[in-house]
Amino acid sequence: MADGTTTDATTDATTDATAATDKAAGDPAARGARGELPKAWVPADHEAGLYERWLTADVFAPDGKGTNPDPSLPPFVIIQPPPNITGALHLGHALTFTLEDTMIRHARMLGHETLWLPGLDHASIAAQYVLDRIIAAEGETRESLGRERYLERMWRFINETREVMLAQERRLGVSADWGRLRFTMDEGSARAVRVSFKRFYEDGLAYRAEGLINWCPGCRTSVSDLEVIPKPETGTLWSIRYHLLDEATGEPTDETITVATTRPETILGDTAVAVHPEDARYEGLVGRKVRIPFVERDVPVIADGIVDREFGTGAVKVTPGHDKNDYEIGQRHGLPSISVMNDDASLNDAADRYAGLDRFEARRRILDDLRARGDVAGERPHEMLIGRCQRSDDVIEPRLKTQWFIRVRPLAEASLAATRSGETRIVPARFEKVWEHWLTNLHDWNVSRQLWWGHRIPAWYCPDGHVTVSDEAGGPPACEVCGRAAAELTQDPDIFDTWYSSGLWPFSTLGWPDRTEDLRRYYPGTIMETGYDIIFFWVARMMMTGIHLMDAVPFHTVYLHGLVKDPYGQRMSKTKGNVVDPLEAIDTAGADALRFALLNGTSPGNDQKFSPERLEDGRNFANKLWNATRFVLGARPSSIDAADAGTRRAPDEARLGPTERWIRSRAAATIAAVDRAFADHNYGEASRALYDAIWAEFCDWGVELAKVRLADEALDPAERDATWWTLVEALDTYLRLLHPVMPFVTEALWNSLPHAEGDPELLIVARWPKAGPVDAATERSVGQVIELIRSIRNARATVGIAPSEWLPLDLFVPGRQAASFDAFRPAIERLARVRPIHPHADRAALEHAPVGSLGIIAGEFEGRLHARAEAAEADRARIGKELAQAEAALASTRTRLADATFLAKAPAHIVEGARAREAELAEKVEKLRASLG
RNA sequence: GGGCGGUUAGCUCAGCUGGUCAGAGCACCUCGCUUACACCGAGGGUGUCGGGGGUUCGAGUCCCUCACCGCCCACCA
């Protein structure tokens, strides 16, 4: 049943894809007619079509014909947490998928063969919890349906949710290898579960024993320690008198010892009273006996170091059957463990007259009866932590049960060795401490669950109580101890903790236990990406099982992301009603916007607040890029005809001016910055760097400066061509760099841009750009020009001159800026709205500027902007302020330079920098003063 | 009880190995439909970088300490 259903789902997905491609084929926008773009980036019009193109081009599979990986590079394998198949995806999933997709696209562009194996988790307890509520609405219960029909209903349910979830992943742009879609309840996983368990059993790492487990009365199953959530609560601490026995007669006396408890109902399971060995108050009592009320059981007073003398009365009742500490005390002192509860948390027959009562009702009755006997010595409110079920919120009951456990000690040690040696690295590193602590103090893992939805434990019991663990699908042929026939054997009714099969994910999905080519090639994985909240549930388990069963760590890097919270920093939850539906976000702003919003401004392992504004940022950015590209395509000089523009050429080096060199240099710097960010797994930094580079540098200055060149009639057509090709080249670079983060808009735009010889059809498989040299000299001189334009704009705005008004400018152009000035003269005119410009090689010439001109100080440039006298008056305040700032900065720099210790101890380059700054500031102050007159 | 994060402009956050690091976006204010974009452009203000010590020639940046917020782990009944 399991694998059949999964296979169906995969087939359906493929069929859908084909159908959608046919639809998209008629849509020019989706195809991206080269050289033309619609007016605006409307994600909904493009995303589906683009996704289908990737699918049909077969670029998601590592061996797909579309990827063309570089054989000299190792495969890049990402391991994703398969989401629970319980319903719609939330923003946390969107974050995970965005990060993973960003990583895999980046790796693919670098030329790695990539594997991202998608999947879904059957989520045993979570799924049952959801389904129970669904069938309750249908008037059914688990019991009324019975195991078989319940499971049928479950399959029906998950077959629906599966499609919804996979469709959501595709809308986000997830470029996983859909042909390998796996499910933790498919036959491959089932086999891996059986075989692994048998291995653990044979290796002595799986054992069946009676132990104290966490019981959820609501879910009617045991749960692991991790699924017990301690929640603060104000309870009551009662002091109860236990009567000591007369040592001679063995009968209770009036002599009492008072114990403190928050759970009087467990009195019925008490098998001792414990005090601290060095507690003088009770010195003489150790070794004597007390009688437990109601059950009339005589138990010893014992001494144990775990008892806190300061707490309560310093004497504690010991109930090994219902308390973890007490259980350990019981183990140490050989005390019997008495279980007083049923599965539904009512008291059992051991509870004598309280049998059948619910645990809380029993508590009330017992207290009443104790009061009647005069044995309640006191009570007071008590702040405490109550363990509640992660799923149902019921109060967890520690109970004795015979269950299967995994012995974790050796596995944990091997896992610790892996991170200590650096074989597996945790990002961010601070989680290593958490990892260490948890693995060091780990208790054996209770893997039995008394649920129906999940992998049945492959253990069979014969009437004589022999245990046979089998990895055969149909069970063992006979009891392996006594040889009784299979027909006489009974399989354990329990199933595995859902994380057991998840823990096998990195290899069960690659064909294990068979020694497949996939395993050889893709195990261990490169990076495992997930939220820090499942580091123990999942990451640690994969590490433990992987090392033991595969003899190798399952992955070399553990990347942990933070949680997505609402704008107020609250955890998103359905009950709070503050969840953001990723699909809604995609509908309103596009998948790229959502992806950008989830990555930008975040850092590894840190939580983030998600707000609509962030989504808008992403949408605006996509639109900005869209329009920049639209401009470049529309600005093609007539000297380059459409046919020539079909293939991207590198700009003619000989024709490059400072504008073009600046654009190239900034693009090169951006490549380096993004490379660095990716290397550090700092995806928030990568997106930020691209946002700045594309918007504040390329669009605001690169394109604006290039516009002037393109519009310059006097320019040599060959130079104009070079300008255009430079823009195309820069865009090409930026689109490649941004593609991992915003795959749709970049793919659409890149499709419309001329491709270089040898480029593939699709950006998703285009190569990552290589960082060229940064041209520092050009950046310096262009920086001066930019500063000049800014200063002029600033002066104009400050005094309120209309932006449309052309003003004459007297400009002192120092010799070293002469060439730069010549090149940028038209740009300065247009962008600063100044005309005519009177350049002067001699600064003194500025003194002849008309009275009331505005002073312009920008680096080595200095100017006088002609304006009306009243404007000039308003300008004096601006200059005065600037002067004050410059003077203050100069003063502080001089103080520093006057300090002998600074000069003696600071490194030379710092001192030199300070000197340079002093000179610069001094000059500026001088200029500003001159400008004020 | 241990541990880990966080505390930087009104809001969300960047600030790597201490020295042009006091920044970005949003919000806000003033202009502006200049032949990519109003999902835009130009310009602008705002911060004793949580408090207090210390190391250093020099500290959001390192150390100590305190405060508050959040999270994780934990056997105080």
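To find a chain, count down the sequence lines: A is the first, B the second, and so on, and within it residues start at 1.
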### Task
Give the nucleotide from the list C76(B), A36(B), A77(B) with an atom nearest to the side chain of Cys699(A).
A36(B)
### Task
Side chain of Phe902(A) only, please: which of G19(B), A14(B), G43(B) is the nearest?
G19(B)
### Query
Considering only heavy atoms and no angle criterion, is a donor-acceptor pair shorter than 3.5 Å present between the side chain of Glu704(A) and the base of A36(B)?
yes
### Task
Could you tell me which residues satisfy side-chain contact (heavy atoms from CB on, under 4.5 Å) with Arg571(A), sequence neighbours excluded, listed by chain and number?
Asp533(A), Leu563(A), Lys576(A)
### Task
State whether the distance check finds a donor on one side and an acceptor on the other, under 3.5 Å, for side chain Lys624(A) versus base C37(B).
yes
### Task
Return the nearest nucleotide to the side chain of Asn682(A); candidates are G15(B), G43(B), C72(B).
G15(B)
### Message
Within the 4.0 Å heavy-atom criterion, would you say Leu831(A) contacts the bases, only the backbone, or no part of the nucleic acid?
### Response
nothing
### Query
So which nucleotide from A74(B), A77(B), C4(B) ends up closest to the side chain of Arg430(A)?
C4(B)
### Message
Which nucleotide wins on minimum distance to the side chain of Tyr691(A), given the candidates C71(B), C13(B), G25(B)?
### Response
G25(B)
### Query
Where the side chain of His437(A) is defined as all heavy atoms beyond and including C-beta, which of C73(B), C72(B), A77(B) is the nearest nucleotide?
C73(B)
### Query
On a whole-Å scale, what distance lies between the P atoms belonging to G51(B) and U61(B)?
10 Å
### Query
Which base, if any, makes a Watson-Crick or G-U wobble pair with G41(B), both distances under 3.5 Å?
C31(B)
Side chains of residues 265-276 of chain A: which donor-acceptor pairs under 3.5 Å do they make with residues two or more places apart or in other chains?
residue   : atom : partner   : partner atom : Å
Glu265(A) : OE1  : Arg363(A) : NE           : 2.8
Glu265(A) : OE2  : Arg363(A) : NH2          : 2.9
Thr266(A) : OG1  : Arg263(A) : O            : 2.8
Thr266(A) : OG1  : Lys317(A) : NZ           : 2.7
Asp270(A) : OD1  : Lys317(A) : NZ           : 2.7
Asp270(A) : OD1  : Thr319(A) : OG1          : 2.6
Asp270(A) : OD2  : Tyr242(A) : OH           : 2.5
Thr271(A) : OG1  : Pro336(A) : O            : 3.0
His276(A) : ND1  : Val307(A) : O            : 3.0

#### Entry: Stacked cation flag Lys624(A) on Tyr691(A), 6.0 angstrom / 45 deg
no
### base_contact_polar (U12(B) base, Arg614(A) side chain, donor-acceptor, <3.5 Å)
no
### Message
Using O4'-C1'-N9-C4 for purines and O4'-C1'-N1-C2 for pyrimidines, with syn meaning within 90° of 0, is G18(B) syn or anti?
### Response
anti
### Task
Looking only at side-chain atoms of Asn623(A), point me to the closest of C4(B), U20(B), C37(B).
C37(B)
### Message
Suppose you measure atom P in G44(B) against the same atom in G53(B); what distance do you get, rounded to whole Å?
### Response
36 Å
#### Entry: is_close_aromatic(His46(A), Trp626(A)), centroid dist under 6.0 Å
yes
### Query
Nearest of C75(B), A77(B), A24(B) to any side-chain atom of Lys324(A)?
C75(B)
### Lys565(A) side-chain proximity, nearest of G32(B), G19(B), G70(B)
G70(B)
